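See structure below.
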Protein chains: 2
Amino acid sequence: MRRWPEIVPSIPSSSTPSHPRVRARRGEGERLREEILDAAEGLLIETGDESALSIRSIADAVGVSPPSIYRHFADRNDLVYAVADRQWCHLTFAMDRATDGLDDPWTRITARGRAYIGFALANAEQYRVIMMGRPDAIPPGKADDLPPGYEHLVEDVRAAIASGRIRHHDDPILVATGLWMLVHGITSLLIAKPDFPWPPRDQLVDHALEVYESGLSGGPENRL
Amino acid sequence: MRRWPEIVPSIPSSSTPSHPRVRARRGEGERLREEILDAAEGLLIETGDESALSIRSIADAVGVSPPSIYRHFADRNDLVYAVADRQWCHLTFAMDRATDGLDDPWTRITARGRAYIGFALANAEQYRVIMMGRPDAIPPGKADDLPPGYEHLVEDVRAAIASGRIRHHDDPILVATGLWMLVHGITSLLIAKPDFPWPPRDQLVDHALEVYESGLSGGPENRL
DNA sequence: TGTACATCAGTGAACGCGCGTTCACTGATGTAC
DNA sequence: TGTACATCAGTGAACGCGCGTTCACTGATGTAC
């Protein structure tokens, strides 16, 4: 069980750089690494398919020859890992931002959940890679990693239990995991079945969170 | 919105037939079709990867030459569709069996949910294809299809609302969809992250269903 | 201030591979006469 | 009962493709002297 690096991610543009690329100046070779990841992410969004991330197509999108990729990534897997890793950080970042300044534990929990759903749906293909894909796409040693913001969620659950907001359930890990599964279920089904005649998304999210909250708090009479 | 065919599926053996295959007798050409699907499913389970289902590897597993596949399937997509379609039927069948003979609507609902989770986890790679994969793998016109047993679930929810077992929620579609999402969330996360240090599976399932049930029934004081 | 040179960023061509698909075919077998 | 033949199940060889990866290389650029 490891941490994901606590870097502050910048949401990258999905733009495919125009082809005539200017060669990095000496000492600035690392620049290409970022350009590669940007291009990979752009391709991911564009094609919606992780398997479309070929060394050649990425190199082409960056405006560079395929062997150049190998200066920065050991092989294709290593590159896909890096792409997934970035998404992981973005999701964490989005949730941290959403809970910033909120004090009430349950408010923080739902805000986190809504941010999770919102961000994941806005970045569906990236979410696919990190949460719905085969474990191959996950960097080794990260497969058993905590989900984005999991520790913070557990803290909030613990606080909600302490404050009596969550009743009849005393295991914060179990409660947090259940919440994660509900939120993931909503997110991943909407992503996997975009053509299904869903009820309005907001209604769906509200309903599910409300039912779960009601179940955790001991019934509707306890609701705000 | 279309129905899946109401055929009674037989759970296929995942065995890869031994190589020296006996040619089908005249008029029995359809036999190969089933052998192909069996072999494809076997490969799917074995490799855990839909992209490993190549015409060549399937032909090899059946003990037949690649062009033979085209006698029964228009192209690779068509074949993958057929594989997914079969899984769809199996899942439906498993749930119908699990609710057989049960009368109480809520008992039926949870039995259906547990059967869904149980069957999907026992056939993880197949579940991946039909519920977690890209819509490409889903036969055209089936992408907006009802999930296995959805209508029956909605019926049971309606009955549970009528009997007062589900309170404060009057839209059976919304409730059924929420239930589906919860159950799918549990299933798909367990499949996608097999190495995560989960709480015991049964505990997780029990907890989530209990919380959701409590939320739907209006609090723990209403529980059995 | 000038220059040789080590280093760095990146390239062009090629490798072997497995893939989906097509083509013209083969040889067994049931059936019409 | 015998046989010619249409049909059926399946084949062998080849196509063109995109892929990951490797190799020896080029040419710009900063720097030591």
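In what follows, chains carry the letters A, B, and so on, assigned in the order in which the sequence lines appear, proteins first and then strands, with residues in each chain numbered from 1. Just so you know, these numbers come straight off a predicted model, no measurement behind them.
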Let's test this: given Watson-Crick or G-U wobble pairing with both distances under 3.5 Å, identify the partner of [N].
| N | value |
| --- | --- |
| D:dG2 | C:dC33 |
| C:dT26 | D:dA9 |
| C:dC19 | D:dG16 |

Tested for side chain to side chain contact (heavy atoms under 4.5 Å, CB included) against A:Tyr116, the lone hit among A:Leu153, A:Leu91, A:Leu121 is A:Leu91
Exercise for the section: Could you tell me whether A:Glu35 and A:Arg23 have a side-chain N and a carboxylate O separated by less than 4.0 Å? Expected result: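 So A:Glu35 does not pair with A:Arg23 through a salt bridge.
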Do B:Arg112 and B:Glu151 meet the salt-bridge criterion of a basic N to acidic O distance under 4.0 Å?
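Salt bridge: no.
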Interatomic distance, [X] [atom1] vs [N] [atom2] [rounded to whole Å]:
| X | N | atom1 | atom2 | answer |
| --- | --- | --- | --- | --- |
| B:Arg25 | C:dG27 | CZ | C1' | 16 Å |
| B:Arg76 | C:dC19 | CZ | P | 10 Å |
| B:Leu79 | C:dC19 | CG | C1' | 15 Å |
| A:Arg31 | C:dA9 | CZ | C1' | 10 Å |
| A:Arg33 | C:dA9 | CZ | P | 14 Å |
| A:Leu32 | C:dA9 | CG | C1' | 8 Å |
| A:Asp75 | D:dT22 | CG | C1' | 13 Å |
| B:Arg71 | C:dT22 | CZ | P | 14 Å |

(message) Is it the case that over 12 heavy atoms from other parts of the model lie below 6.0 angstrom from the CZ atom of B:Arg31?
(response)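 Enclosed: over 12 neighbouring heavy atoms sit under 6.0 Å from CZ of B:Arg31.
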Can you tell me if the side-chain N/O atoms of [X] get under 4.0 Å from OP1 or OP2 in [N]?
| X | N | value |
| --- | --- | --- |
| A:Ser65 | C:dG12 | no |
| B:Ser54 | C:dG18 | no |
| A:Arg23 | D:dA28 | no |
| A:Ser68 | C:dT11 | yes |

Exercise. For A:Pro67 and for A:Ser57, find the nucleotide of DNA chain D with the closest heavy atom, then tell me which residue's nucleotide is more 5'.
Key: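 Of the two residues, A:Ser57 wins.
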inquiry  = Does A:Arg26 contact C:dA9 through a side-chain donor or acceptor facing the base, at a distance under 3.5 Å?
reply    =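 Such a pair does not exist between side chain and base.
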Pair of N/O donor and acceptor under 3.5 Å linking D:dG20 base with A:Arg56 side chain
yes
Of the listed D:dA9, C:dA13, D:dT21, the closest approach to the A:Tyr70 side chain comes from D:dT21
TODO: Consider the side chain of A:Ile55, meaning its heavy atoms from C-beta on, and name the nucleotide among D:dG20, D:dA9, C:dT21 that approaches it most closely.
DONE: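 Of the candidates, D:dG20 comes closest.
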*asked:* Would you say B:Tyr127 and B:Ser188 are linked by a side-chain donor-acceptor pair, where the criterion is simply a distance under 3.5 Å?
replied: no
